[in-house]
> 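A single structure is presented below for examination.
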Amino acid sequence: MTLTEKVLARASGKAHVQAGENVWVNVDVLMTHDVCGPGTIGVFKREFGKAAKVWDPKKLVIIPDHYIFTADSMSNRNVDILREFAREQGLPYFYDVIDDPNGHWKFDTEQGQLKKQYGKSYTGVCHTTLPWKGHTRPGEVLFGTDSHTCMAGAFNEFATGIGNTDAGFILGTGKLLVKVPETMRFFLEGELPAGVMAKDVILHVIGDIGFDGATYRAMQWEGPGVYGMSMDDRMTIANMAIEAGGKNGIFPFDEKTDAYVKDRVQENGTKSTFEPAEIDQDQKFIYDKVFDLSKLEPTVACHPDPGQRKTAKELAGVSLDRAYIGSCTGGKTSDFLAFARVVKGKSVKIDTFGVPATTKVVQELKDTQWDGQSVWNILESAGVRMTENASCAACLGGPVDTFGRMNTPLKCISATNRNFPGRMGHKESQVFLASPYTVAASALTGKITDPREFIG
Amino acid sequence: MSNTITSPVYVVQDNIDTDQIIPAQYLTLVPTIAEEYEKLGSYAMIGLPDDAYPTKFIPAGEMKTPYKIVIAGRNFGCGSSREHAPIAMGAAGVEAVVADSFARIFFRNCVATGELYPYDANERLCAKIKTGDVATLDFDADTLTVNGTTYSLKPLGEVRPVIDAGGIFNYARKSGMIPAHS
Ligand code: SF4
């Protein structure tokens, strides 16, 4: 069996499953957020009754992160709906924006977008929060009401996005019917050259198979190239399985996974036992291809979809209005450090927005010192507009007052994961997806730029 | 109940993602609240670029679309998992989408909610049919007839009874998978 088949077999209590089979699986973790949570709760109450209790409060994780720092009253209300539900159900894992369990969330526009406006329990973007707070474990099944839930596949689990109705079903039953996907294997060899990042790997692969090339399928990553990668890098790659239409992305288990997960579950007191899925000798793939990492170059996905692949070099000189670094894919500490390495001591030429994925990233950037200066300061001194309000922000446009949102038809280079028309705001704007290095180099020149010009 | 619908069709091309079906700023509407459901419908397909799609899906000042059938190219409904997408289309009055192919989560959400019938076409209909053409979709024969030509569609198979029942909850109750409403 492939890794995905193994996890699904175990979760459905079977010795063996194969691609194409429909199986009922027991859910280990369900995640929802402020955009889909209220609707999911609505479905749950409609179907199981007003007094219904969720199947297992410890397996439900609720993370407000999408439309938080906005004056839009409906968005603020949606965070209140989550709080009320968490209180009513006694949920231990609700990462609220404010600390008062009886309070109401209201964004204060007077204080502006940059200064922190959240309490102690707030975390930021859901997919980056899940591993940090100890909710991702090898061998488990994770569903989330968000398409990038597949990011947790980096931790050797089956993780995928679902809609509100399916999530409402899980809330009541703890189970879901899933079709076992066929698996495509991506076998990585060699090492990434200087200036090339995990983001380039996934943009390259999506360009290769087309952005519906993995529809209904699992993307399994293997090979020595994978073991050389950090957990952050694996997350970047697993995150974008959905940009190729994939059902999930999944990585093998190794010491890095083990150390990362053990550390996080211990720190947070979450469930500490898990059973990784090991690689079988006998696996059936519908696609199997070797990629040599040492041949990859800084890669860009052009408007209007993540499959429009070009190298940064080919696009050299394309002029830009804006640069953006943030999101689950591109707003981790390692992404900002890469970005900072390029812009340190220089000045950006175009409007550049920095939105850390989580509040922990904010803290780490402030705590990390380079030559006596914090990375946060280095970024600000280079002219990057850094906000402490970790969230999805303009990655998906959002309400009009969202930080970094494009309200006019601009051209933006972004470390995020999706560039369909209108994704970051205005429907005639254009988004180019690239690695933090490439976004940084392009911010410095105002044009799409191969970052190797700046990295020795 | 008649198993056909006849309606003018709305035709879109490849890779229509859920941000175009229902842009992110409207996701503050909660679909299980009745009036917000109606409102979501009134914004269906509002993210389509105007130059490529000069005909409005929902006429100005209206809440519903005159197009009960949408014809699409490849990978319809890709991108975000928002269930708001099939719901907005269903709330606007769409009953079926006939596409070259669907993105997985969108397809699944159509079935789970029972809002829309997602039909796979056997040939590239979005190149042959124009917005405003009147078509008849026959759910029993799995055919679409338009401008005098009848095109066969891939049968819906196991998902049909789920959508007929009005989504997975009704279906699960009917088949005894979960207990009936008390
Ligand atoms: S950061 Fe962007 S891609 Fe990630 S969960 Fe938020 S909106 Fe989705």
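All figures in this text were calculated on a predicted structure; none of them were measured in a lab. Values below: all heavy atoms of this structure, side chains included; hydrogens, waters and symmetry mates excluded. Note on naming: letters A, B, ... go to the chains in the order of the sequence lines (proteins, then strands), and numbering restarts at 1 for each one.
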> So which residue, A:G163, A:G307, A:G42, ends up with the most heavy-atom pairs under 4.5 Å with chain B?
A:G163

> Could you look at A:T145 and say if it's the side chain, the backbone, both or neither that has a heavy atom under 4.5 Å from chain B?
backbone

> Counting C-beta onward and ignoring hydrogens, is there a side-chain heavy-atom pair between A:K45 and B:T32 closer than 4.5 Å?
no

> Please output the residues of residues 16-30 of chain B in contact with chain A, using a heavy-atom cutoff of under 4.5 Å, in numerical order.
B:D17, B:D19, B:Q20, B:A24, B:Q25, B:L27, B:T28, B:L29, B:V30

> Which of the residues A:D72, A:T173, A:T165, A:L396 is involved in the greatest number of heavy-atom pairs with chain B at under 4.5 angstrom?
A:T165

> Considering all heavy atoms of both residues, which atom of A:G39 and which atom of B:P31 are nearest to each other, and what is their separation?
CA-CD, 4.4 Å

> Roughly how far apart are B:E158 CD and A:N22 CG, rounded to 0.5 Å?
5.5 Å

> With rounding to the nearest 0.5 Å, note down the distance linking CG in A:N164 to OG1 in B:T113.
10.0 Å

> So what's closer than 4.5 Å to chain A heavy atoms on B:D50: side chain, backbone, both or neither?
both

> At a 4.5 Å cut-off on heavy atoms, which part of A:R418 comes close to chain B: side chain, backbone, both, or neither?
side chain

> Checking A:D166 against chain B: side chain, backbone, both or neither under 4.5 Å from a heavy atom?
both

> Step by step, work out the side-chain contact (heavy atoms from CB on, under 4.5 Å) result for A:D212 and B:D14.
CA-CA 11 Å; A:D212 58 357; B:D14 294 339; over 6 Å; no

> In terms of heavy-atom pairs under 4.5 Å, which option from A:R77, A:H66, A:R405 contacts chain B the most?
A:R77

> Of all the heavy-atom pairs spanning A:K427 and B:I46, show the shortest one and how long it is.
NZ-O, 2.8 Å

> For B:D51, enumerate each residue passing the salt bridge (Lys or Arg N to Asp or Glu O under 4.0 Å) test, keeping only those at least two apart in sequence or located in another chain.
none

> Anything in residues 76-87 of chain B with a heavy-atom distance to chain A below 4.5 Å? Please list those residues in order.
B:C78, B:G79, B:S80, B:S81, B:R82, B:E83, B:H84

> Within a reach of under 6.0 Å around NZ of B:K64, are more than 12 heavy atoms found that belong to other residues, nucleotides or ligands?
yes

> Among all residues two or more places apart in sequence or in another chain, which pass the ring pair (Phe, Tyr, Trp, His ring centres under 6.0 Å) test with A:F211?
A:F420

> Which of parallel (below 30°), tilted (30 to 60°) and perpendicular (above 60°) describes A:Y216 and B:F107?
perpendicular

> Please evaluate residues B:I178 and A:E47 with respect to the criterion side-chain contact (heavy atoms from CB on, under 4.5 Å), reporting the C-alpha separation (whole Å), side-chain torsions for both, the decisive distance (0.1 Å), and the verdict.
CA-CA 10 Å; B:I178 55 173; A:E47 300 295 339; 5.9 Å; no

> Answer whether the closest heavy-atom distance between the side chains of A:T215 and B:S101 falls below 4.5 Å.
no

> Could you check if a side-chain atom of B:I168 sits within less than 4.5 angstrom of a side-chain atom of A:L177, using non-hydrogen atoms only?
no

